[in-house]
Chemist: 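Handing you this structure, nothing more for now.
In what follows, every chain begins at residue 1, and chains take the letters A, B, ... in the order their sequences are listed.
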Protein chains: 2
Amino acid sequence: MYSVSITVTHTSMSSHKAPKEDELRFAVLASDTVAFRLHNNGLEVLLIKVENPVFKNMEGLPGGLIKPTETAEQAAVRHLTLKGGLSGGYLEQLYTFSDVDRDTRGRVVSVAHIALFEPDEARLEGREAQVVGRWCPVNSVPKKLAYDHDIILKTALARLRARIEYTTIVRHLLPKEFTLTELQIAYESVLGHELDKRNFRKKILGLELVAETGRTRTQGASRPAALYKFARPGVQTIEIL
Amino acid sequence: MYSVSITVTHTSMSSHKAPKEDELRFAVLASDTVAFRLHNNGLEVLLIKVENPVFKNMEGLPGGLIKPTETAEQAAVRHLTLKGGLSGGYLEQLYTFSDVDRDTRGRVVSVAHIALFEPDEARLEGREAQVVGRWCPVNSVPKKLAYDHDIILKTALARLRARIEYTTIVRHLLPKEFTLTELQIAYESVLGHELDKRNFRKKILGLELVAETGRTRTQGASRPAALYKFARPGVQTIEIL
DNA sequence: ACAAAAGTGTTTCATATACACCCATGA
DNA sequence: TCATGGGTGTATATGAAACACTTTTGT
């Protein structure tokens with residue numbers, strides 16, 4: 001079924017003598033995902049119990065093998081469903097980690113992704129799946145994670161913080177309808193610092209990224225907040241020059 | 001030698017029944033590189049003759065297999081040396097292309113990179129290597145390239161254009177010492193539009209990205225130009241917010 | 001009436017843009 | 001002296017940052 005005929009005529013495959021298939025197919029392909037959600041006004045990552053005895057009692061990122069019949073992205077989705085009962089969510093490729101010794105058990109190349117979940121999507125409900133993970137505030141993540149998952153997480157955080165500044169990815173951390181305060185808290189949670197309310201609103205509204213839904217939400221004993229939605233579908237890039 | 005023991009206890013590898021090693025190592029890992037240089041005030045890409053008969057008479061990107069003992073980056077460097085006699089250069093990971101059918105001969109997952117060469121480094125000199133490539137102006141690239149290399153090139157160009165705006169990657173397309181006019185032409189070539197000379201210089205000097213070397217260069221019958229170098233080593237990110 | 005969160009404007013400062021002429025050199 | 005590319009400044013407009021009070025609701 002996945003026994004494919006590899007001949008060595010491709011520019012991407014030329015070599016002086018034709019290698020045997022064993023030499024070509026030497027690595028295991030994996031997919032590890034850094035899943036984020038917002039909770040209690042903070043950014044959280046999904047951590048998973050690791051069973052490899054080398055990393056006894058350590059946690060790591062959810063992930064798993066890529067199958068012959070699926071892309072790296074499809075594998076990421078599948079493993080999130082399997083490990084966390086997570087469905088939906090937004091996925092974006094992060095980086096491919098190919099260090100020769102990154103896995104203790106042999107050559108494993110990992111295509112890492114970032115996943116973002118809206119609050120409703122982010123419940124860990126293992127129905128048919130065994131749920132072995134927990135959401136952990138990014139500031140409380142154990143210093144050491146299994147494998148090179150520290151590095152993957154660090155890379156993911158840097159990327160998320162960079163991209164939230166010039167894209168509308170933040171939308172995938174929020175429900176369809178949200179208040180401007182919720183949007184501001186989302187930015188603050190990811191960036192790790194506070195923003196001025198008036199300037200924030202001026203900027204967001206000025207860019208016409210969001211539109212009023214006309215609906216409002218009342219939260220306890222206070223003035224009702226207008227509900228907004230993102231004006232255009234998908235993640236858009238904000239022109240900076 | 002590359003017979004590694006893969007057991008299925010990793011969080012990244014759990015599955016209901018343990019697959020055999022053959023099933024785990026099903027894909028060929030490749031590395032394709034989009035190599036850029038500046039030449040005649042324009043941006044050029046390195047294209048290579050493709051030997052796969054499915055893509056008869058088509059060109060593609062330089063690339064090749066990743067070996068069991070090297071990272072994706074090391075493979076990229078090795079193949080650039082092999083195919084183009086190119087050494088040195090700056091390399092940055094672009095994206096991993098894992099579509100199941102992207103290669104006609106079976107499952108090949110490609111970790112693509114962007115490579116930037118300074119004018120001196122960018123000569124195609126096949127010494128021990130067979131040189132089968134040519135530098136092609138980005139605007140004259142054939143509409144159809146082999147495999148999914150159109151998409152890889154498009155992705156690379158978008159990334160390069162984005163990153164030149166908020167980093168100092170452009171340094172790797174220029175010699176160590178350069179005039180401000182050369183720097184401006186580099187930006188214009190990559191971005192594809194002209195810039196105002198006075199505003200450009202004000203901005204570059206204001207950011208203190210470059211420093212005068214004290215040396216000058218005389219070009220024909222005109223005033224000598226001051227030579228600059230980048231002030232700090234490596235690619236730095238320019239704060240935009 | 002009060003507590004709690006929503007909403008709103010102005011001033012100041014820095015950066016972006018538009019634009020045209022003089023300078024140093026080799027031929 | 002002329003042709004060639006190098007180098008410079010100012011005025012205007014736009015966006016960023018700092019900053020505090022009023023509004024609407026539930027209790």
Chemist: Using whole Å, what does the distance between atom P of nucleotide C/dT8 and atom CG of A/N199 come to?
Modeler: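 One finds 14 Å between P of C/dT8 and CG of A/N199, rounded.
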Chemist: Please pick, from C/dC19, C/dT8, C/dA5, the nucleotide with the shortest atom-to-atom distance to any side-chain atom of A/R198.
Modeler: C/dT8
Chemist: Compare side-chain N and O positions of B/T181 against OP1 and OP2 of D/dG6 and report whether any pair is under 4.0 Å apart.
Modeler: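 Answer yes for this pair, as a side-chain N or O of B/T181 is under 4.0 Å from OP1 or OP2.
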Chemist: Between D/dC19 atom P and A/E194 atom CD, what is the distance in whole Å?
Modeler: 14 Å
Chemist: Among the nucleotides C/dA27, D/dG26, C/dA18, which one has an atom lying closest to any side-chain atom of B/A221?
Modeler: C/dA27
Chemist: Measure from the side chain of B/P224, starting at C-beta and using heavy atoms only, and say which of D/dG7, C/dG7, C/dT25 lies closest.
Modeler: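 Nearest listed nucleotide: C/dT25.
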Chemist: Any idea which of D/dT10, D/dA18, C/dC23 is nearest the A/K202 side chain?
Modeler: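 Nearest listed nucleotide: D/dA18.
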Chemist: Would you find more than 12 non-hydrogen atoms of other residues, nucleotides or ligands less than 6.0 Å from A/E194 atom CD?
Modeler: no
Chemist: C/dT8 P sits how many Å from A/F200 CZ, rounded?
Modeler: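 Whole-Å distance recorded here is 14 Å.
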Chemist: Has A/K203 got a side-chain N or O lying under 4.0 Å from the OP1 or OP2 atom of D/dA16?
Modeler: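 Checking A/K203 against D/dA16: at least one side-chain N or O falls below 4.0 Å of OP1 or OP2.
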Chemist: Working to the nearest 0.5 Å, report the span between CG of A/L160 and CZ of A/F36.
Modeler: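 One finds 5.0 Å between CG of A/L160 and CZ of A/F36.
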Chemist: Looking only at side-chain atoms of B/T218, point me to the closest of C/dG26, D/dC19, D/dA16.
Modeler: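 Out of C/dG26, D/dC19, D/dA16, the nucleotide with an atom closest to B/T218's side chain is C/dG26.
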Chemist: So, using salt bridge (charged side-chain N to carboxylate O under 4.0 Å, His left out) as the criterion, who are the partners of A/R102 when residues are at least two apart?
Modeler: A/D32, A/D148
Chemist: Measure CG/A/L227 against P/C/dA5 and give the value in whole Å, please.
Modeler: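 It works out to 17 Å between those atoms.
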Chemist: Do other residues, nucleotides or ligands put more than 12 heavy atoms under 6.0 Å from the CZ atom of A/R215?
Modeler: no
Chemist: Report the distance from atom CZ of B/R223 to atom P of C/dA27, rounded to the nearest whole Å.
Modeler: 18 Å
Chemist: Return the value, rounded to whole Å, for the distance between atom CD of A/E208 and atom P of D/dG15.
Modeler: 12 Å
Chemist: Can you check whether A/R201 has a side-chain N or O nearer than 4.0 Å to OP1 or OP2 of C/dG7?
Modeler: yes
Chemist: Measure CG/B/D196 against P/C/dT15 and give the value in whole Å, please.
Modeler: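 That distance rounds to 18 Å.
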Chemist: From the set C/dA6, D/dG7, D/dG5, return the single nucleotide nearest to any side-chain atom of A/A225.
Modeler: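 So the nucleotide nearest the side chain must be C/dA6.
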Chemist: Could you check which of D/dT8, D/dG5, D/dC19 has an atom nearest any side-chain atom of B/S222?
Modeler: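 Nucleotide nearest to B/S222's side chain: D/dG5.
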Chemist: Do B/E73 and B/H113 meet the criterion of a side-chain donor-acceptor pair at a distance under 3.5 Å?
Modeler: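 There is such a pair (donor and acceptor under 3.5 Å, judged by atom type) between the side chains of B/E73 and B/H113.
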Chemist: Please give, in whole Å, the distance from C/dA5 C1' to A/L180 CG?
Modeler: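 One finds 13 Å between C1' of C/dA5 and CG of A/L180, rounded.
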